[in-house]
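So you know, we letter chains A, B, ... as the sequences are listed, proteins then strands, and number each from 1.
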2 protein chains.
Amino acid sequence: MKTTVARDPVTVTIDTEGPFTIIGEKINPTGRKKLQAAIKEKNYDYVVSLAVAQVEAGAEILDVNVGVPGIDEVATIKDVIGVVADAVDVPLCIDSPSHEAVAAALSVCPGRPLVNSVNGEETSMQAILPLVKEYDVPVIGLTLDEDGIPEDGPARFAVARKIIERADSLGIPIENIIIDPLVLTVGADSNAARVTLDTIGLVTEEYGVNINLGASNVSFGLPDRHTLNQAFLGLGMGAGASCAITDAAKLAPTIKAADLLRGRDPHGMRYIKYYRAHSPKDDG
Amino acid sequence: MKTTVARDPVTVTIDTEGPFTIIGEKINPTGRKKLQAAIKEKNYDYVVSLAVAQVEAGAEILDVNVGVPGIDEVATIKDVIGVVADAVDVPLCIDSPSHEAVAAALSVCPGRPLVNSVNGEETSMQAILPLVKEYDVPVIGLTLDEDGIPEDGPARFAVARKIIERADSLGIPIENIIIDPLVLTVGADSNAARVTLDTIGLVTEEYGVNINLGASNVSFGLPDRHTLNQAFLGLGMGAGASCAITDAAKLAPTIKAADLLRGRDPHGMRYIKYYRAHSPKDDG
């Protein structure tokens with residue numbers, strides 16, 4: 001299945017049968033004090049530097065989140081979308097749980113952005129899905145609802161089904177729904193990633209939709225996080241994930257490697273091209 | 001399915017439902033001039049140092065191959081099995097295509113070793129399988145035959161079927177057959193790993209047997225081999241592989257990470273224990 005986001009002249013196709021798509025994650029102030037301060041102070045040079053670095057590192061879409069407590073999110077997300085859109089050429093991903101912020105961002109965002117996110121709560125579906133319909137843009141559906149994040153794969157699948165069916169009832173085509181099965185850290189529950197992988201399998205088998213992986217939460221609180229994040233990407237891609245909101249600078253090499261190994265990089269051209277552009281030293 | 005190898009008092013269970021088993025690969029002179037010279041000169045101190053290092057790095061079984069052109073392999077493998085068995089406590093994997101060398105090694109090897117390997121050639125099956133039957137030991141079955149290594153998954157599956165059915169006709173229980181779907185480098189054919197992953201899926205679905213991954217060939221000739229090898233392990237484990245002949249020092253961290261992520265490491269005890277024993281620096 002193909003989900004497209006675009007920004008003239010670039011079209012990015014998130015494709016269950018194609019290479020994996022990297023959505024750069026760094027423009028998100030959650031847990032990042034320097035970025036929080038920069039957004040509060042409208043110091044957008046720092047935001048621009050993060051955006052440019054993610055795209056240079058291989059981000060094909062850029063996630064933009066301005067969720068800092070105490071700011072006017074509606075005004076700020078419009079500002080930041082404008083600044084980031086000026087700085088880089090890639091399509092953007094509008095990241096907010098707020099209906100007002102998403103609406104404001106959609107009104108100014110160039111091209112065909114991705115919306116991150118809707119979830120299975122009635123209030124979320126009622127607020128976000130009509131916007132997605134109105135602007136004809138794809139949206140990431142998180143598998144949580146009024147009861148929180150379900151503890152097993154079948155229950156998360158049920159939330160995915162609810163979102164997909166509600167979207168369908170509004171006339172939103174299924175290819176505009178990307179399911180994010182959520183992942184909690186295995187540091188708190190060693191079954192956490194297994195549940196996510198199970199959910200990917202169930203959703204993929206039933207609907208064949210694109211799946212997004214929030215890849216770096218999984219290792220929170222554990223040592224050697226990079227190895228865990230790399231391994232999770234391999235397992236997630238094998239299970240059927242087709243994109244991730246992740247730090248391109250850290251995980252693009254693993255993603256390019258896995259694409260080559262999955263037979264989704266004819267003659268290894270993308271792998272070699274990425275390597276040449278980013279890693280002049282050869283350990284081979 | 002459970003395949004056991006053992007050496008009093010240790011039993012190692014290769015288990016399709018359990019954590020991944022690491023078979024240390026370094027005692028193999030192919031392409032290693034220093035080891036070739038050491039084996040020729042009966043300088044077994046170097047062999048012992050490799051064996052000890054692999055076990056310290058996490059190898060649960062140790063592969064022993066003495067294939068150096070121009071030596072008496074039968075006499076040498078008996079020597080080396082004895083030396084290695086004195087040096088480390090883990091069960092061994094007897095690695096030779098020669099019926100005579102395998103027979104000699106089995107006659108002196110303590111415990112219940114693994115035999116590496118039989119393949120789908122008539123001469124191989126006729127020579128190796130009766131030994132495996134006689135000693136009641138498990139064997140790795142390579143998916144190649146008189147026509148070479150098949151180019152697609154279904155054809156490799158057919159070779160696996162031939163080996164499994166022949167073994168069955170001799171009264172060898174299916175759990176004593178571990179299939180190795182072989183992997184060639186994606187540097188020569190970018191579809192090479194995909195074929196291996198496809199074969200794992202086909203063999204797993206039909207027979208549910210344990211699958212061995214020869215994990216480091218896949219990246220031959222390419223830059224950043226370690227990232228490719230790590231990603232291949234993640235994809236292979238996700239597809240159903242349950243053991244690998246690999247360099248424990250390089251790939252044990254990825255394997256422990258993937259086991260935790262697959263929900264096969266309750267409370268992350270094995271991951272944390274491995275990390276504490278091998279990587280005192282925390283990047284988390």
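- With respect to chain A, the highest number of heavy-atom pairs below 4.5 Å among B/N191, B/L235, B/D198, B/V218 belongs to B/L235.
- The 12-atom threshold is not exceeded at CD of A/E151, counting heavy atoms of other residues, nucleotides or ligands nearer than 6.0 Å.
- Of all residues in residues 247-262 of chain B, those placing a non-hydrogen atom less than 4.5 angstrom from a non-hydrogen atom of chain A are B/P253, B/T254, B/A257, B/A258, B/L260, B/L261, B/R262.
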Stepwise side-chain contact (heavy atoms from CB on, under 4.5 Å) check, A/D224 with B/Y271: CA-CA 10 Å; A/D224 197 9; B/Y271 180 81; 3.4 Å; yes
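- At a 4.5 Å heavy-atom cutoff, the contact between A/L228 and chain B is made by backbone and side-chain atoms alike.
- Closest approach of A/S190 and B/H267 over heavy atoms only: OG-N, 2.7 Å.
- A 6.0 Å sphere centred on CZ of A/F220 holds no more than 12 heavy atoms belonging to other residues, nucleotides or ligands.
- Residues forming a side chain to side chain contact (heavy atoms under 4.5 Å, CB included) with A/I272 (at least two apart in sequence, or on another chain): A/R276, B/L222, B/P223.
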